[in-house]
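Here's the structure we're looking at; comments come further down.
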Amino acid sequence: MHSFKQNDSVMITKIENLKKEIEALKASNAEEVEALRIKYLSKKGEVTSLLAEFRNVPAEQKREVGKLINELKEFATEKINTLKEEVLSNVKEDDTIDLTRSAYVLKRGTRHPLSIVKNEICDIFGKLGFSIAEGPEVEDDWHVFSSLNFAEDHPARDMQDTFFITRNPDVLLRTHTSSVQTRVMEKAQPPIRIICPGRVYRNEAISARAHCFFHQVEALYVDKNVTFADLKQALLFFAKEMFGPETKIRLRPSYFPFTEPSAEMDISCNLCGGKGCSFCKGTGWVEILGCGMVDPNVLEACGIDSKEYTGYALGMGVERITNLKYQVKDLRMFSENDKRFLEEFESAL
């Protein structure tokens, strides 16, 4: 019994001494306050360690000793908080700071170059009355191929060009945004005047000149009495707005399953002014897009009377236009998100 009282007396004395020690604590900065908190109140702190010794206190003394330990913990917490407030209130402003000086200029963010060019293309066609239409990137065979007059054995349907989802040949990642055109024509009757920007996917090896995903902007105009002359005027307007008023265009016969007649459009090289350089391979011309009159089979497949309505369509790669406008020679730079590369387009916003 005497030993229990002696142990109890030692415990109480230890609590009182620790309280006096904590009462005398001082700190000059936040780091010292944190060090004191860890020393006394952390899981391995001196106040917390008293709980381990509390197990040896006799049952009849636990109430008294437990109360003293709780009071000590509250006292230590209040003391640490008081020191923390004192340190914060005593922080003085650096006399070297000029409070009258203007604030630091916040660094501007940048838009991605592809977004800059895509928005510019959309704005140009918006002046001609085109509205933006969008569609899903995961598509079906009908909207990507069949409705656009692709033959069953067309090479574009092969695995070499198309990403198919699972083993279902009817579900795939769209290879062009023409699928948006067919979706619009299925639901709306002419006049239709839309522009379709979006990301597309093709199973190609990634290099400086090609990528497995890229971006397109396609345009569609369907109405009564739409002619190839209307298409040519729209193309000329676009070229001059995008590349400058001195830009010239030329159309070369081509083939696309969904247009007839079809053409590819070149513009006079904006680097050499048409005189010939390495970029245009000495020809003075650079190809930028494909176009043509909408094939009657496409109109009929989408529920539009091809005897009453005609239309034109055109499509271009946003990366291609961006290369021409900003001379970006490696397509991979568009998807690597290199901050140094993106910062070059601050002035293009």
Side-chain angles (χ1 to χ4, degrees), residues 117-151 154 156 172-200 215-242 249 251 254-265 288-318 321:
V117 172
K118 181 200 72 174
N119 293 339
E120 188 172 356
I121 295 172
C122 292
D123 289 342
I124 293 173
F125 280 95
K127 296 177 183 178
L128 296 175
F130 285 78
S131 59
I132 295 177
E134 297 180 331
E137 294 183 6
V138 179
E139 268 288 5
D140 55 55
D141 179 271
W142 168 258
H143 291 98
V144 175
F145 296 126
S146 298
S147 64
L148 292 168
N149 205 35
F150 280 81
H154 195 282
L172 49 95
L173 296 178
R174 66 183 182 189
T175 58
H176 47 199
T177 54
S178 302
S179 57
V180 181
Q181 299 178 18
T182 59
R183 285 185 174 275
V184 172
M185 287 190 287
E186 286 177 336
K187 298 178 180 179
Q189 285 295 309
I192 298 172
R193 197 191 299 253
I194 59 171
I195 187 167
C196 313
R199 178 181 290 185
V200 298
H215 300 78
Q216 284 187 335
V217 175
E218 299 193 19
L220 173 72
Y221 178 36
V222 180
D223 202 352
K224 295 181 179 179
N225 303 317
V226 176
T227 67
F228 202 94
D230 298 318
L231 169 61
K232 184 177 180 180
Q233 285 302 113
L235 294 173
L236 182 60
F237 176 80
F238 165 74
K240 290 181 178 293
E241 287 287 307
M242 177 60 71
I249 68 170
L251 297 172
S254 186
Y255 167 77
F256 303 109
F258 36 84
T259 54
E260 180 58 39
S262 302
E264 291 183 349
M265 188 183 90
I288 66 167
L289 59 83
C291 59
M293 300 300 293
V294 180
D295 193 295
N297 292 334
V298 174
L299 295 175
E300 294 292 342
C302 295
I304 296 177
D305 188 353
S306 62
K307 296 180 181 179
E308 184 177 2
Y309 296 102
T310 55
Y312 66 71
L314 60 96
M316 68 193 81
V318 180
I321 304 299

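FYI, the numbering just counts along the sequence from 1. Everything numeric in this text was worked out from a predicted model, so none of it was measured.
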Where do Phe237 and Ile124 land on the side-chain contact (heavy atoms from CB on, under 4.5 Å) test, with the steps shown first? CA-CA 8 Å; Phe237 176 80; Ile124 293 173; 3.8 Å; yes
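Residues Ile132 and Pro197 form a side-chain contact, since some pair of their non-hydrogen atoms from C-beta on lies under 4.5 Å apart. Contact check for Leu235 versus Leu289: side-chain heavy atoms found under the 4.5 Å cut-off. Annotation: side chain of Leu173 is in contact with side chain of Val138 (closest heavy-atom distance under 4.5 Å). Taking the side chain as every heavy atom from C-beta outward, His215 and Lys118 never approach each other to under 4.5 Å.
Judged by distance alone, the side chain of Asn149 and the main-chain N or O of Val298 form no donor-acceptor pair under 3.5 Å. One N or O on the side chain of His176 and one on the backbone of Val144 form a donor-acceptor pair closer than 3.5 Å. Side-chain atoms of Arg174 do not come within 3.5 Å of backbone N or O of Gly198 as any donor-acceptor pair.
Residues passing the side-chain hydrogen bond (donor to acceptor under 3.5 Å, both in side chains) test with Glu300 are Ser306, sequence neighbours excluded. Residues passing the ring-ring contact (aromatic ring centres under 6.0 Å, His included) test with Phe145, sequence neighbours excluded: Phe150. Shown here are the salt bridge (charged side-chain N to carboxylate O under 4.0 Å, His left out) partners of Glu308, two or more places apart in sequence or in another chain: Lys224. With sequence neighbours excluded, no residue forms a salt bridge (charged side-chain N to carboxylate O under 4.0 Å, His left out) with Lys187. Among residues two or more places apart in sequence or in another chain, the side-chain hydrogen bond (donor to acceptor under 3.5 Å, both in side chains) test is passed with Ser147 by none. When the salt bridge (charged side-chain N to carboxylate O under 4.0 Å, His left out) test is applied to Glu120, the partners found at least two apart in sequence or on another chain are Lys325. When the side-chain hydrogen bond (donor to acceptor under 3.5 Å, both in side chains) test is applied to Tyr221, the partners found at least two apart in sequence or on another chain are Arg193. Partners of Thr259 according to the side-chain hydrogen bond (donor to acceptor under 3.5 Å, both in side chains) rule, which considers only residues two or more places apart in sequence or in another chain, are Ser262. Here Tyr309 pairs with nothing under the ring-ring contact (aromatic ring centres under 6.0 Å, His included) rule; sequence neighbours left out.
Contact detail for Leu220 and Ala313: the closest heavy-atom pair is CD1-CB, 4.2 Å.
To the nearest 0.5 Å, atoms OG1 (Thr177) and CD (Gln216) are separated by 4.5 Å. To the nearest 0.5 Å, atoms CD1 (Ile195) and CD1 (Ile121) are separated by 7.0 Å. Going from atom CG of Asn297 over to atom CG of Leu148 covers 11.0 Å, rounded to the nearest 0.5 Å. For the atom pair CG of Leu314 and CE of Met265, the computed distance is 8.5 Å after rounding to the nearest 0.5 Å. If you take CD1 on Ile304 and CD1 on Ile192, they are separated by 4.0 Å, rounding to the nearest 0.5 Å. Atom OG of Ser178 sits about 12.5 Å away from atom NE2 of His143, to the nearest 0.5 Å.
Atom CD of Gln189 sits in a crowded spot, with more than 12 heavy atoms from other residues, nucleotides or ligands closer than 6.0 Å. The number of heavy-atom neighbours closer than 6.0 Å to CG of Asn225, taken from other residues, nucleotides and ligands shown, is 12 or below.
Each side-chain hydrogen bond (donor to acceptor under 3.5 Å, both in side chains) pair with one or both residues in residues 226-237, not counting sequence neighbours, appears once here: Thr227-Asp230. For residues 137-146, the set of pairs meeting the salt bridge (Lys or Arg N to Asp or Glu O under 4.0 Å) definition, not counting sequence neighbours, comprises Glu139-Arg183, Asp140-Arg183, Asp141-Arg157. For residues 124-133, the pairs satisfying salt bridge (Lys or Arg N to Asp or Glu O under 4.0 Å) are Lys127-Glu241, with sequence neighbours left out.
Side-chain rings of Phe125 and Phe238 approach one another, their centers coming within less than 6.0 Å.
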